[in-house]
Amino acid sequence: MPAFLATVLGLILPVSAAAAADFVSGADFSDLGFFESQGVVYRDAGQPQDGLAILKRQGLTCVRLRLFTSSAAQAQADPYNYTNNLDYTLPLALRVKNAGLQFMLDFHYSDSWADPGQQTKPAAWTNLTFTQLVAQMRQYSSNCIAAFKTAGATPDYVQVGNEIIGGLLWPDGRVGGAFDTPAQWSKLGQLLTNAITGIRDAAGPQAPKIVIHIDRGGDWGGTEWFFDHLLQQQVPFDIIGESYYPFWHGSLDNLRVCLTNAAARYDKPLMVTETAFPFAYSTNIYGIPATTNGQVQYVVALAQTLMSVPGGKVIGAFWWGAEYQPLPGVNLGGCENRSFFGSAGDVLPVAAAFGQLAAPLRLSASSAGGGLTLQWPLSGAGSALTTTMHLSPPTVWQPVTNPVQNTGTTFSLTLPQDPAPARFYRLQPN
């Protein structure tokens, strides 16, 4: 629903306002409990706060948590690389729900990190036959969802695998390269379909949306190859998820091309399920500096890219490693420099900017010094400001061509006072 304003004899009269945006603005906060156990403190304006409460206050709407199959012994021996098992993730998920946030569960189907370079089968599943592995995927996925549901933390979204461009549970479900065969795609399809069946069985009528996640946000060719093959297996999923990091995956224009083509070809909702940008220890990336202000600039450019995809097909974005802070003695791979929090624990401006992706799309106005200033949130990045002299049909809306300014969380422009008795403004999709 567009947002309108009317000006009559210099007075600003609200005509209507847009409903709340349904865009998902999320953060991966999987290691919140781990960092807290190491004495890390999260702060807002210098005051210690619960990290999840800070996210909520900044406008974010969803938290993503990964899930490993690791044992208690593995988690104790190497907490950073193995801690995210069910015993750890279940209470954290309940905290997410109690904070008033949505919850995305990210199944890795591995004892530790699963990504394009490693999809290692859980140690306890190593000797299973393929038939047993298919049954295990259904049973394990179902049992996990049942546990979250019983605890009062049913996920709103579930990723079935993490960055699975090469498949999962190698070598059984591996695809690509020497494994790019009909037999291997059939195996991957069976594994995913049975996992999804288990998830939906346990969740009941309020089943979570199912996300299939790859790491090809800047690569349309790779995306097309994967999802063309996957859809031939009739895997019943809801959302296409992409990782996109500008320092690995190319320019935002590459992302725009990939998402636009995917939206047209597959007619499914899309999410950027992982992204981030550094605030330190990096050179400029596509002209954006690695500073706290640069992070905000990146969010603005990302918003304009995502919301320019026709049909509103992009429904969400998640910042990865949002909870990271420096930990002496732990190699965090530089992720602590891409966080929502600075080295002293204070929340950075990027969090508020990212939260604005889900802000209600409302056009507001103020009058001062003989001019009219119109303002709208970052959730309107894909919208154009238009104007008309009357609302009687046929109404012709003309684009407002004055330059638009951005503060990181809002767009605005100032117009000279119009001598016309009335003028109406609205935001409409580009």
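Applying ring pair (Phe, Tyr, Trp, His ring centres under 6.0 Å) to W319 and the options F341, Y245, F354 leaves one that passes, F354. With F103 as reference, F148 is the one residue of F29, F148, Y157 to meet the ring pair (Phe, Tyr, Trp, His ring centres under 6.0 Å) rule. Under the side chain to side chain contact (heavy atoms under 4.5 Å, CB included) rule, P155 has a single partner from I199, D106, I145, which is I145.
Judged by distance alone, with hydrogens and angles left aside, the side-chain atoms of S308 form a donor-acceptor pair with the main-chain N or O of T305 at under 3.5 Å. T373 contributes no side-chain N or O that, together with a main-chain N or O of A365, makes up a donor-acceptor pair within less than 3.5 Å. In this structure a side-chain-to-backbone donor-acceptor pair under 3.5 Å is present from S339 to A322. No donor-acceptor pair closer than 3.5 Å links the side chain of S70 to the backbone N or O of A75. Distance alone, capped at 3.5 Å, places no donor-acceptor pair between the H213 side chain and the E242 backbone. A side-chain donor-acceptor contact under 3.5 Å links Q119 to the backbone of N162. Side-chain atoms of Q295 come within 3.5 Å of backbone atoms of F277 as a donor-acceptor pair (strictly under, hydrogens ignored). Side chain of Y42 to backbone of E323: a donor-acceptor contact under 3.5 angstrom is found. Looking at K313, its side chain never comes within 3.5 Å of a backbone N or O of L270 through a donor-acceptor pair. Although no hydrogens or angles enter the test, the distance criterion places no donor-acceptor pair under 3.5 Å between the side chain of T388 and the main chain of F424.
L252 has its side chain out of reach of P246: every pair of non-hydrogen atoms, C-beta onward, lies at least 4.5 Å apart. The shortest side-chain heavy-atom distance between V63 and L92 does not fall under the 4.5 Å cut-off. Looking at heavy atoms from C-beta onward, V160 lies out of side-chain contact with V235 at the 4.5 angstrom threshold. Put simply, the side chain of L230 reaches to within 4.5 Å of the side chain of F237, judged on heavy atoms. Side-chain contact between D31 and T83 is present, with heavy atoms from C-beta onward closer than 4.5 Å. Under the 4.5 Å side-chain criterion, counting only non-hydrogen atoms from C-beta, T223 is in contact with I214. Under the 4.5 Å side-chain criterion, counting only non-hydrogen atoms from C-beta, W376 is in contact with L385.
Across all their heavy atoms, P236 and T193 have their closest contact at CD-OG1, 3.8 Å. The minimum heavy-atom distance between L67 and L86, with the atom names listed, is CD1-N, 3.5 Å. Between Q325 and V41, the shortest heavy-atom distance links the atoms NE2-O, 3.1 Å. In plain terms, the two heavy atoms of K56 and G100 that are nearest each other are NZ-O, 3.1 Å. Taking all atoms of both residues into account, the shortest heavy-atom contact from V24 to C62 is CG1-CB, 3.6 Å. In terms of heavy atoms, Y244 sits closest to S251 at OH-C, 3.1 Å.
One finds the CG atom of D111 at 9.0 Å from the CH2 atom of W125 (value rounded to the nearest 0.5 Å). Atom CG of N84 is separated from atom CZ of F34 by 9.5 Å, given to the nearest 0.5 angstrom. The structure places CZ of F23 at 9.5 Å from OG of S379, a figure rounded to the nearest 0.5 Å. Separating the OG1 atom in T407 from the CD atom in Q375 is a distance of 6.5 Å, to the nearest 0.5 Å. A distance of 6.0 Å separates CG in L332 from OH in Y324, rounded to the nearest 0.5 Å. In this structure, CG in N254 is found 13.0 Å from CZ in R216, a value given to the nearest 0.5 Å.
Using the six-membered ring where Trp is involved, F107 and Y140 have ring planes that are perpendicular, over 60° apart on the 30 and 60° scheme.
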(request) Determine, stepwise, if the pair Y298 / T275 fulfils side chain to side chain donor-acceptor pair (under 3.5 Å). (result) CA-CA 10 Å; Y298 171 70; T275 194; 2.5 Å; yes

(request) Any chance you could lay out the side chain to side chain donor-acceptor pair (under 3.5 Å) test for Y82 and S71, step after step, and finish with the verdict? (result) CA-CA 8 Å; Y82 289 91; S71 66; over 6 Å; no

(request) Determine, stepwise, if the pair Q206 / T154 fulfils side chain to side chain donor-acceptor pair (under 3.5 Å). (result) CA-CA 9 Å; Q206 302 299 318; T154 303; over 6 Å; no

(request) May I have the step-by-step check of side chain to side chain donor-acceptor pair (under 3.5 Å) for Y266 and D228, ending in yes or no? (result) CA-CA 9 Å; Y266 305 119; D228 275 7; 2.9 Å; yes

(request) Under the salt bridge (charged side-chain N to carboxylate O under 4.0 Å, His left out) rule, what do R200 and D238 come out as? Steps first, then yes or no, please. (result) CA-CA 12 Å; R200 289 176 171 162; D238 302 302; 3.3 Å; yes

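No salt bridge links D50 with R57; every basic N to acidic carboxylate O contact stays at or beyond 4.0 Å. One finds no salt bridge joining K187 and D172 here, because no Lys/Arg side-chain nitrogen approaches an Asp/Glu carboxylate oxygen to under 4.0 Å. Taking a cutoff of 4.0 Å between a charged side-chain nitrogen and a carboxylate oxygen, R338 and D28 do not qualify as a salt bridge.
Around CD of Q76, the count of heavy atoms belonging to other residues, nucleotides or ligands within 6.0 Å does not exceed 12. Enclosure of atom CG in N284 by more than 12 non-hydrogen atoms of other residues, nucleotides or ligands within 6.0 angstrom is indicated. More than 12 heavy atoms of other shown residues, nucleotides or ligands fall within 6.0 angstrom of atom NZ in K268.
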Can you give me every donor-acceptor pair (side chain of residues 173-183, partner residue at least two apart or in another chain, under 3.5 Å) with its distance?
from : atom 1 : to   : atom 2 : distance (Å)
D180 : OD1    : W185 : NE1    : 2.9
D180 : OD2    : W225 : NE1    : 3.2
T181 : OG1    : Q184 : N      : 3.2

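Every residue was checked against the ring pair (Phe, Tyr, Trp, His ring centres under 6.0 Å) condition with F318, not counting sequence neighbours, and none meets it.
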